[in-house]
Every structure is written in structure tokens, then in C-alpha cells.
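Per chain, numbering begins at 1; letters A, B, ... match sequence-line order.
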Protein chains: 2
Amino acid sequence: MKVTINDVAKLAGVSMKTVSRVINKEPSVRKKTFDVVMEAVNELNYQPNLAARNLAGTSSFTIGLVYDNPNAYYVIDMQNGVLSRCKDEGYELVIHPCSYSEANMEHDFKTMIKRSRLAGLVLTPPLSEQSSITNLLDELNIHYVRVLSGRPNEEDQDTCIYVNDFKAAYEITTHLLKHGHKNIGFICGDKEHKSTSERLEGYKAALADHNTQTNDAFIYDGKYSFESGVEGAQALLADDNKLAITAILGGNDEMAAGALFASRLMGIKIPEQLSITGFENSPFSRQTWPKLTTAHQENDVISQHAARLLFTKTRGARNQDKDIITSFTPSIVVRDSSGPKL
Amino acid sequence: MKVTINDVAKLAGVSMKTVSRVINKEPSVRKKTFDVVMEAVNELNYQPNLAARNLAGTSSFTIGLVYDNPNAYYVIDMQNGVLSRCKDEGYELVIHPCSYSEANMEHDFKTMIKRSRLAGLVLTPPLSEQSSITNLLDELNIHYVRVLSGRPNEEDQDTCIYVNDFKAAYEITTHLLKHGHKNIGFICGDKEHKSTSERLEGYKAALADHNTQTNDAFIYDGKYSFESGVEGAQALLADDNKLAITAILGGNDEMAAGALFASRLMGIKIPEQLSITGFENSPFSRQTWPKLTTAHQENDVISQHAARLLFTKTRGARNQDKDIITSFTPSIVVRDSSGPKL
DNA sequence: AGTTAAAATGACAACGCTGTCAATGCTCTA
DNA sequence: TAGAGCATTGACAGCGTTGTCATTTTAACT
């Protein structure tokens with residue numbers, strides 16, 4: 001029933017160690033030997049035992065995914081991407097949700113790492129932005145790859161995957177400007193998130209490049225939540241507000257949906273009286289009425305590349321993977337919540 | 001740096017094996033010895049190595065979570081529940097998303113099981129309803145716990161966690177009936193899902209108990225998707241339809257949101273002209289306008305109990321867990337999308 | 001106190017693989 | 001064709017636990 005490396009070795013007529021070399025794709029194995037072994041592997045349908053590999057080897061076949069993000073769609077996408085690579089490469093994935101506020105996070109972290117010696121970690125925002133965490137990992141000498149909001153070509157080229165929120169926000173703002181909107185509101189996400197400042201700067205840069213004044217009264221500090229989107233729109237559109245805003249950029253889809261909700265309460269017609277845009281293209285940007293114009297982030301692809309980048313590090317120089325993309329720019333998806341200024 | 005069972009043994013002045021007994025909570029260890037060992041464990045902050053335990057032991061410390069469900073909120077909740085128990089009990093979780101249509105699912109499954117000898121599996125709907133899967137697992141002699149839509153006290157009392165959708169649908173329908181609605185539409189989910197028939201039967205039972213006629217024309221076959229909710233509402237409310245429907249039960253929140261969307265397109269006011277209810281209480285039932293009346297399923301708690309049930313099986317008789325709840329009934333949450341018939 | 005059974009503990013192999021290092025096979029040169 | 005030198009392969013120990021079984025300690029009796 002249970003097939004071990006020994007069974008394969010016997011069938012192939014080689015030593016255990018040679019089989020090990022084959023399944024680990026080590027160089028110095030003669031082509032012919034390789035084929036013989038692979039044939040035996042297939043015939044017996046052999047699957048190397050992960051626990052044994054983790055125990056015996058110097059580097060393990062387990063990586064971790066760490067997140068602190070209330071957005072289920074985001075987490076699932078990231079997870080699926082990493083998972084699919086793990087499956088392909090024979091790795092195991094340990095999921096570690098945590099909240100940064102947890103006082104015992106560091107301890108938690110160490111425990112996880114001790115329990116299953118990890119080959120590395122994929123860090124997603126906002127945790128990936130926390131230097132206390134990366135310091136801790138550096139100290140523990142653990143490989144990691146960070147998915148970050150930001151523009152490429154900064155420091156750690158080979159430890160980071162960048163999502164160019166700046167550019168995406170620039171483009172979505174430009175989209176609005178081209179439709180004749182001048183007074184464009186912006187509902188920010190959490191101040192602590194890098195994506196918030198990147199998106200805000202992209203918005204400001206677009207305004208500047210189109211000779212449009214930035215007005216601080218157009219900017220509302222939200223929290224990436226539906227409720228803060230509601231409040232943001234109410235604040236920006238308040239009666240006694242002479243701002244004459246004709247478009248609102250939501251920092252993410254959830255806040256844009258909140259803004260939509262608030263507009264409805266105020267009897268404002270979308271997109272005739274007000275254009276609203278989101279960010280992220282999560283499923284519910286298609287489930288609002290009207291459907292949201294937004295910026296599409298391909299999170300599953302992003303996280304796949306993050307996993308690949310991590311694997312190249314843990315495997316050292318043997319089997320390099322050269323086609324890794326380390327910079328992504330969300331692309332604009334125009335739907336029904338935005339339109340020309342009337 | 002790395003603390004092993006030997007270090008603990010040395011510090012505590014006992015043998016390796018005794019430490020093993022203590023961390024596995026085996027009986028026959030003297031109280032005094034137990035304390036001494038635990039002290040050493042704490043002092044050294046010892047964490048047993050999972051790979052070694054999995055390799056050496058007859059039963060492993062890894063369980064799997066299998067799902068085939070496009071609903072991110074559901075999956076995350078289930079996952080978090082299982083994860084939190086795993087953390088408490090020192091288990092590791094392997095996530096296995098799959099789609100039932102995948103031809104090679106069986107092979108996939110076997111591969112996963114070979115790679116990391118699993119102590120057991122938590123199956124979530126709709127996979128948990130597939131007898132081909134449970135048969136496969138029985139064959140492979142793998143423990144599993146199923147989360148199922150259904151009424152308690154059926155067969156496998158100790159392998160299943162039931163979610164009483166029947167009762168919840170009965171109650172939500174009753175809620176509508178008490179508000180004077182007679183012509184109540186129902187948008188079903190996927191026919192293949194057990195939850196669909198359970199909810200439908202609950203709806204029918206409530207109607208019957210309130211002397212209200214069931215009309216097949218009130219029932220629309222949807223797909224648990226937003227789009228099918230849109231189509232369902234359009235069909236049920238079509239102009240040439242003399243049904244005079246004043247309320248619609250969505251089979252889940254997503255379809256209810258779709259129905260809401262369709263109503264808006266048709267210029268129907270909610271809840272004045274039409275009451276709409278959902279099912280599941282996912283976050284976006286709070287993010288529609290108006291907010292959805294729905295049935296709240298505590299998925300994280302449900303999955304925690306599923307994990308606990310699984311652990312009692314894998315651990316055999318030693319450390320039984322007696323407070324496991326195996327039957328849950330979603331509770332009605334009344335919000336703004338439902339109201340009295342005018 | 002002496003015997004016996006039961007409870008508590010320990011010694012050691014084994015789990016399935018990888019790392020190390022030694023042994024063998026092969027190619028190329030002179 | 002011998003020898004050097006590199007490419008390929010193999011023998012064996014060891015990773016950190018748990019299972020088995022032997023041994024010691026304790027408790028419970030005469």
C-alpha cells in the first residue's frame with residue numbers, strides 16, 4: 001500500500017540515494033538513469049513523504065502564508081495563487097492569519113516556525129509593510145517574500161512583488177478627468193496601509209498633470225470599510241458643502257459600494273449626477289447597482305509569482321525560475337458607475 | 001537555538017520517552033513527573049517538531065480542509081474556525097480547494113493524502129454531499145467529518161455536523177407570512193446542493209402550516225449566483241406574470257442581492273412594494289441597499305466544532321471532547337429589505 | 001517484612017528521507 | 001593503454017519524534 005523511496009530504488013535497480021537525486025532534480029544524474037527512475041516512480045505512483053523530507057533535509061518543503069486582512073476575497077485569491085504553485089512544486093502550505101494588534105503575535109510566529117521548520121514565508125499587506133515583522137524574520141533567518149503596494153525598482157528587488165497602485169490610481173483619475181470631472185473626491189483607506197498613500201499620490205499626480213487643483217477638502221480619511229465609504233460620501237457631499245463634487249474615487253470597492261449606498265440615501269443618481277469608482281475588482285464590484293468602474297488586481301497571479309520568487313530563494317541556485325514578474329499594475333475596468341460629467 | 005525533546009528530558013531529569021508521554025497527555029504519568037516535565041517544557045519554550053511526529057507516529061498531526069465553493073466569505077469563515085482549533089491542539093492544516101468537475105480530483109486527492117499522511121479531513125458542502133468522495137475516503141480508510149445541510153438525528157451522528165437549513169427557511173418564511181405576505185417567491189440555489197432542497201422544503205412547510213397554497217410558479221431554479229438572483233427576480237416579477245408576488249426569499253445572500261439589483265432595474269421599491277430576504281448573513285448582506293434580512297450561519301463556530309469532532313476521532317479514546325455541538329440552526333436577522341405587506 | 005501485581009519509566013529501534021563522503025565508472029590525454 | 005580527473009553512484013548515519021518491550025518503582029496485599 002505505502003510506497004517508499006526504497007521500493008522505487010529496488011524497482012529501478014539503483015540506490016535509494018539516486019532516486020532521491022532524481023526527485024530533487026539534482027544535476028549529476030545520467031539521463032538514462034533519470035529515465036529509469038522516473039519510470040519506476042510513475043509505475044508505483046510514488047509520492048515522497050513530506051514529513052520525512054522536512055525532517056531529513058536542511059531546507060523544508062513547507063512555506064507559510066501570513067495575512068492580516070479582513071477582505072475575504074483578497075485573502076482567498078492570494079491563497080489560491082500560492083496554493084496552486086505549492087501543488088505544482090510539491091510544497092505544503094501553512095496558513096497563518098493573525099491580527100497585528102495581537103500582543104502575542106511574535107510569540108505566535110515563533111511557535112509556528114518552530115513547529116514546522118518553514119522554508120519561507122509569503123507576507124501580504126498590510127503585514128508585509130511592518131518592519132517589526134521583517135526584522136523579526138531577518139533575526140530568525142527566515143526567507144520571505146513581500147507583496148507590497150508600491151512602484152518597482154526600489155530596494156529589495158528580489159524579495160518583493162510590487163503592485164503599482166500609484167499608476168492605477170493615476171489612470172483611474174485620468175479616466176474621470178477625461179470625462180470632464182474637475183471636482184473629484186477621494187475616500188482614503190487606512191492611513192497605515194501603504195496602498196492608501198500610493199493611491200492618493202497617484203490621484204494627486206493625475207490632477208497635477210491635468211492642471212487641476214488638488215483640494216484637501218476633497219479628501220476623506222476612511223478605513224477601507226463599507227461603513228467608512230458611507231461616511232466618506234456623506235461628508236464629501238454634505239448639503240452645506242459647496243464643493244460641487246461630481247465624482248468620487250473609492251480607495252477600494254468596499255468603500256465605493258458604501259459611497260453608492262450613501263448616494264442612494266441622499267437621492268443622488270449614479271452615474272448621472274455622480275461618478276463613483278472602486279479599486280480591486282472584487283466580485284461585489286459587479287454586484288452593486290450600478291456596477292462599479294474599478295481597477296482590476298490579479299491577486300491570484302500576483303501571489304503565484306510571490307510563491308515562485310520564494311521558491312527560487314529556498315532552493316538556492318539549483319532550478320532557477322527566470323520568468324518571475326515582480327511588478328504588477330492594476331488595469332482599469334470601466335463599468336456603469338462612472339460616466340461623463342453632465 | 002533549536003530545542004529538542006532531548007533537551008527537555010535532560011533538564012527535567014527524565015527520559016525522552018517520558019517527555020513524549022507528557023506532551024501527548026498519555027495517562028500513566030505521575031502527577032509530579034508531569035509537572036517537572038512541563039516546567040522544563042516552558043522554561044525552554046519547547047515546541048515538538050511536527051515533521052518528526054508525523055513521521056514517527058502512527059497517526060499524524062495534520063488534517064485537511066477540502067472545499068469546492070466559490071463563496072469566499074464562506075470558505076474563509078470555515079477555514080478560520082478549523083485553523084483556530086488546529087492552533088490550540090498543535091495540529092497543522094492542509095488546505096485543498098478543488099472543483100468537483102476536475103476529472104483528476106480522485107488522483108489529486110490520493111496524492112495529497114500520500115504526501116502528508118493525514119489524520120483526517122473536514123469536508124464542506126457541496127463536496128461533503130458527494131458519496132463518491134466519502135466512498136473514496138472510506139476505501140482509503142481516512143477519517144473525515146462532514147458539514148452538511150440537514151436535520152439532525154440522521155445516520156452518522158458522529159461523523160456529521162448538521163446545519164438545519166430547513167428550520168431556518170421555515171422561520172424566515174414564517175417571518176414573511178406574519179407580515180401578511182401570501183404570494184412569496186423562492187429563488188433556489190443549485191439543484192445538486194442539499195441546502196437547496198432543505199431550504200425549499202422549509203419554505204413549503206411554513207406555507208403549509210399557515211394554510212397557504214404552494215405554487216410552483218413561485219419557485220425559480222437559480223444557481224446561488226448574483227446573476228441567477230437577477231434572473232430569478234425578473235422571471236418572478238415579469239409583467240405578464242399575474243402572480244402578484246409581494247416577497248421573495250433568496251436562497252442565499254448573493255441571489256437576494258441579485259434580486260435587489262433586478263428590482264431596482266424594474267423600479268420596484270424595497271421593502272415597500274417587495275420584501276426580499278437572503279440566507280447566510282455574509283458581509284455583503286449588510287452592504288446592499290437596503291440591508292438584507294437574512295438567516296445568520298455562524299460558520300466559524302460550525303467549523304470549529306467540525307474540527308473538534310475530527311480530533312476526537314483521530315485521537316481515539318484518549319482525550320475525549322464532550323461538548324461538541326453537532327447541529328446548528330441559522331437564526332433570523334431582520335434588517336431593512338423586508339417589511340409588512342402594504 | 002515479603003510477595004505480587006500494577007503503575008511508571010526507560011532503552012532502543014524505526015519512521016522515510018537527505019547529507020556526507022567514499023567508491024566506482026567514464027572520458028580524455030599523452 | 002595507463003593514468004588523471006571529473007561525472008555518477010552508493011553506503012550509511014542522522015533528522016526528532018513515537019511504538020515496543022523491558023525494567024524499575026510503587027502500591028496492595030498477606
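- Atom CG of Asn54(A) and atom C1' of dG16(C) are 12 Å apart (whole Å).
- Residue contacts for Tyr46(A): at a heavy-atom cut-off of 4.0 Å it reaches the sugar-phosphate backbone alone, with no base atom in range.
- Proximity of residues 10-20 of chain B to DNA chain C (heavy atom under 4.0 angstrom from any strand atom) is restricted to Val14(B), Ser15(B), Met16(B), Lys17(B), Thr18(B).
- Lys2(B) comes within 4.0 angstrom of sugar-phosphate atoms only, judged by non-hydrogen atoms across all strands, and of no base.
- Rounded to a whole Å, the CZ atom of Arg115(B) is 23 Å from the P atom of dC15(C).
- In this structure, CD of Glu26(B) is placed 12 Å from C1' of dT20(D), rounded to the nearest angstrom.
- Look at CG on Leu55(B): it is 13 Å from P on dC15(D), rounded to the nearest Å.
- Residues Val29(B) and Ala52(B) both approach DNA chain C. Their nearest nucleotides, taken by heavy-atom distance, put Val29(B) toward the 5′ side.
- Annotation: the span from Gln79(A) atom CD to Ser84(A) atom OG amounts to 11.5 Å, rounded to 0.5 Å.
- The shortest side-chain heavy-atom distance between Leu121(A) and Met112(A) falls under the 4.5 Å cut-off.
- In terms of polar N and O atoms assigned as donor or acceptor, the side chain of Arg21(A) comes within less than 3.5 Å of the base of dG10(D) in a complementary pairing.
- When Pro48(B), Ser20(B), Ser15(B) are each tested for a side chain to side chain contact (heavy atoms under 4.5 Å, CB included) with Ile5(B), only one passes: Ser20(B).
- Of the inter-residue distances, the one linking Arg117(A) atom CZ with Gln47(B) atom CD reads 15.0 Å to the nearest 0.5 angstrom.
- Each of Ile133(B), Leu140(B), Thr134(B) was evaluated against Leu136(B); a single residue qualifies, Leu140(B), per the side chain to side chain contact (heavy atoms under 4.5 Å, CB included) test.
- Across its full length, the helix from dA1(C)-dT30(D) to dA30(C)-dT1(D) shows an angle of 30° between the axes of its 5 terminal pairs at either end, rounded to 10 degrees.
- Counting to the nearest Å, the P atom of dG16(D) and the CZ atom of Arg53(B) are 15 Å from each other.
- Distance, Asn6(B) CG to dC12(C) P: 13 Å, rounded to whole Å.
- One atom, CG of Asn24(A), and another, P of dG16(C), lie 17 Å apart when rounded to the nearest Å.
- Side-chain contact, Asn69(A) with Thr124(A): no donor N or O sits under 3.5 Å from an acceptor N or O.
- Looking at Leu309(A), Leu310(A), Val122(A) one by one, the single match for side chain to side chain contact (heavy atoms under 4.5 Å, CB included) with Ile161(A) turns out to be Leu309(A).
- An OP1 or OP2 oxygen of dA8(C) is reached within less than 4.0 angstrom by no side-chain nitrogen or oxygen of Thr33(B).
- Within the model, atoms OG1 of Thr62(A) and CZ of Arg53(A) stand 10.5 Å from one another, a figure rounded to the nearest 0.5 Å.
- Among Thr4(B), Asn24(B), Val14(B), Thr33(B), the one residue that satisfies the side chain to side chain contact (heavy atoms under 4.5 Å, CB included) test with Val19(B) is Val14(B).
- The distance between atom CZ of Phe61(B) and atom C1' of dC15(C), rounded to the nearest whole Å, is 14 Å.
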